[in-house]
Every structure is written in C-alpha cells, then in structure tokens.
Amino acid sequence: MNCMLCPHKCGAYRDLNTGKGNCGLPLSPKVARVAPHMWEEPPISGTKGSGAVFFSGCTMKCIYCQNFEISAENQGVSINAQKLADEYKRLEEGGVHNIDLISATQFLPEVIRSFDIYKPNIPIIYNCGGYERIETLRALEGIVDIYIPDFKYSDNKLGREYSGVENYCEVATEAINEMLKQKGKLTLSSDGIAQRGVLVRHLVLPNHTKNSIGVLDILKENFGEKITLSLMGQYIPHGKAKNHPKLSRRITKREYQKVLQHLMDLELDGFAQELESAEEEYIPLWDYADENASP
Ligand code: SF4
C-alpha cells in the first residue's frame with residue numbers, strides 16, 4: 001500500500017516486509033514488550049495492571065522520548081496478527097484490566113486484523129501521541145473502548161522542533177474531537193477501573209510552562225468538561241534531550257505547581273501526578289523474546 005496512515009501522509013510504499021516513509025517500518029507489526037504494566041494512571045493500571053503492548057516505531061519522533069530505543073530506533077521483534085491475538089488472550093487470561101496498545105498507528109491494518117482473530121472481553125485502549133488522522137481513528141471505531149492521546153504542544157513550532165511534526169496543535173485537537181465523538185467522557189466501573197472514553201495526557205517539559213498553560217487553555221476552550229486530563233510531571237531527559245539546552249533537566253516544583261494551579265483555575269477534570277514520583281526513573285525492559293517471533 002501507499003501509506004497514508006498518519007498525518008505525515010508519506011504515500012510511501014509499504015508491505016508486510018518492506019518499510020519506507022517517515023516511520024521506516026514494514027506493515028508487519030513489531031513489538032518490544034508485551035506484559036502487565038503498573039505505571040499508568042490508577043484507573044488504567046488498577047490493581048492487576050494494564051495489558052501493555054509496546055509497538056516499535058512511532059509517527060512522532062520526540063527527541064525526549066523515554067522509549068526512544070523503540071520509538072526512534074525501531075528496536076523490537078516482528079510478529080503477525082495471529083500472534084498478536086494470542087498475546088491479547090494471554091494477557092487477558094493473566095487477569096489484566098485492559099489491553100493497552102501503545103503507539104500502534106504505523107501497523108494499523110494488521111492490528112485491526114488481530115482483533116478480527118480475537119477480541120478480548122476487556123477494554124481495548126489506544127494509547128498514542130495525539131498526532132492521528134480522523135480517517136485512521138474511524139477505522140478503530142468498534143474496536144477501541146478508551147483513547148489515551150497526548151496533547152503535547154500548544155505551539156506548533158515546538159511540535160516541529162521536538163517531534164518532527166507539522167500542525168500538531170490543530171491535528172491533535174481534531175483527533176481528540178473525533179475520539180470524544182466516538183467514546184465520550186471517561187467512565188469508570190464501580191471499582192474505579194476505566195471502561196470507555198478519552199483520557200488526555202500532558203507531560204510538562206522543563207522551561208516550557210507557557211506551552212503547558214496553552215495546552216490546558218486549548219483543552220478547556222475546545223472540550224470543557226468533556227475532557228479528563230492526566231497531568232504528568234515525571235519528565236526525565238532521555239536520548240537527544242540529554243544535551244539539549246532547554247530539555248536537559250527535570251522540571252522544578254515551581255514549574256509543575258504553576259501548571260497545576262492553572263489546571264485547578266480552569267476546573268479541568270482529571271489526575272495530577274505527585275511530583276515526587278518523578279524521583280524514580282522507570283523505563284520498561286524491551287524484552288519481547290526472539291523465540292516469540294513469528295516465522
Ligand atoms: S505510518 Fe509511516 S509511512 Fe505511513 S504515513 Fe505515517 S510515517 Fe508515513
């Protein structure tokens with residue numbers, strides 16, 4: 001196919017074994033880790049964990065990505081739709097609260113096929129950077145129960161400079177609008193586990209409180225009380241960001257407090273991470289084993 005899956009709209013030729021275009025990946029899915037994950041928000045991880053499937057590659061190339069070995073360097077193991085379906089079943093039988101597809105857009109046709117093979121009886125989460133096409137999201141209608149998009153930038157220049165994408169702000173706003181149309185506001189079960197809806201994440205970057213405040217304003221203006229926000233302060237410099245003049249340190253308490261105060265002033269619904277949790281660095285092991293690979 002000539003790939004138009006994400007807003008880069010490369011039109012590059014891709015098949016199961018050949019990968020071109022901005023993401024540089026074939027259509028056959030590559031995964032770096034499939035395991036219960038306890039580090040999402042409480043309604044997502046719950047007590048038994050989220051069934052995380054970390055896909056390799058990404059439609060965004062954030063220079064500070066904590067998963068840069070898989071998102072930028074495309075590390076991982078190729079598997080097919082059948083094997084993906086088997087993994088969903090294994091996670092579900094292990095008791096996780098949901099299946100959490102992390103950065104799957106570049107493999108969408110095979111991911112959709114995997115759910116034709118097996119659709120778990122727990123919520124399916126689509127976890128992405130917010131840089132999505134409406135057409136692609138519509139293909140997920142009926143499969144996905146919960147969308148977890150980032151809203152990273154209120155300033156498109158930052159999107160270009162830090163993530164290699166154009167028009168981030170408009171694209172992410174339209175994408176979240178479509179997600180809300182499909183799933184509505186985040187709803188929880190009686191025991192506090194997310195069942196359907198949209199949870200928007202925003203990571204506060206060092207030296208960029210103005211960007212964060214702009215993001216909160218955009219969310220409030222466009223979506224108001226329909227939005228549930230997760231404000232994250234656990235930024236730790238990774239990859240190219242380690243040597244970046246603005247991104248090479250953690251955020252300060254003062255920076256976080258300023259953004260948090262704005263969130264409270266706007267009365268946005270959601271979760272705010274304890275800044276103390278940023279003290280602990282957590283990066284998953286990219287340990288999906290070769291013996292699990294499909295021939
Ligand atoms: S998924 Fe990859 S090849 Fe397809 S449009 Fe996006 S970056 Fe280009």
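The figures here come from the full heavy-atom set of this structure, side chains too, leaving out hydrogens, waters and symmetry mates. Just so you know, ligand 1 is whichever comes first in the structure, and atom 1 is the first atom listed for that ligand. Along the sequence shown, residues carry numbers from 1.
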Report summary line: Residue pairs meeting side chain to side chain donor-acceptor pair (under 3.5 Å), one or both in residues 19-31, sequence neighbours left out, come to none
Query raised in the report: In ligand 1, which numbered atoms sit nearer than 4.0 Å to a non-hydrogen atom of R14?
Result: 1 (S), 3 (S), 4 (Fe)
Query - Lys/Arg N to Asp/Glu carboxylate O, K185 vs E225, below 4.0 Å - result: no
Requested in this report: Everything protein-side that's N, O or S and under 2.8 Å from atom 6 (Fe) of ligand 1: list it, residue and atom.
Outcome: C6 SG
Query - D100 and N127 side chains, donor-acceptor separation under 3.5 Å - result: yes
Report summary line: Residue set satisfying ring-ring contact (aromatic ring centres under 6.0 Å, His included) with Y147, at least two apart, ordered chain then number -> none
Report task. Not counting sequence neighbours, which residues clear ring-ring contact (aromatic ring centres under 6.0 Å, His included) with Y131? List them please. Result -> H8
Report task. Verify the ring-centre separation between H208 and Y162: is it less than 6.0 angstrom? Result -> yes
**Report entry** Residues E255, R249: salt bridge by 4.0 Å N-O rule
**Finding:** yes
Report summary line: Numbered in order shown, the ligand 1 atoms found under 4.0 Å of a heavy atom of K20 are 3 (S)
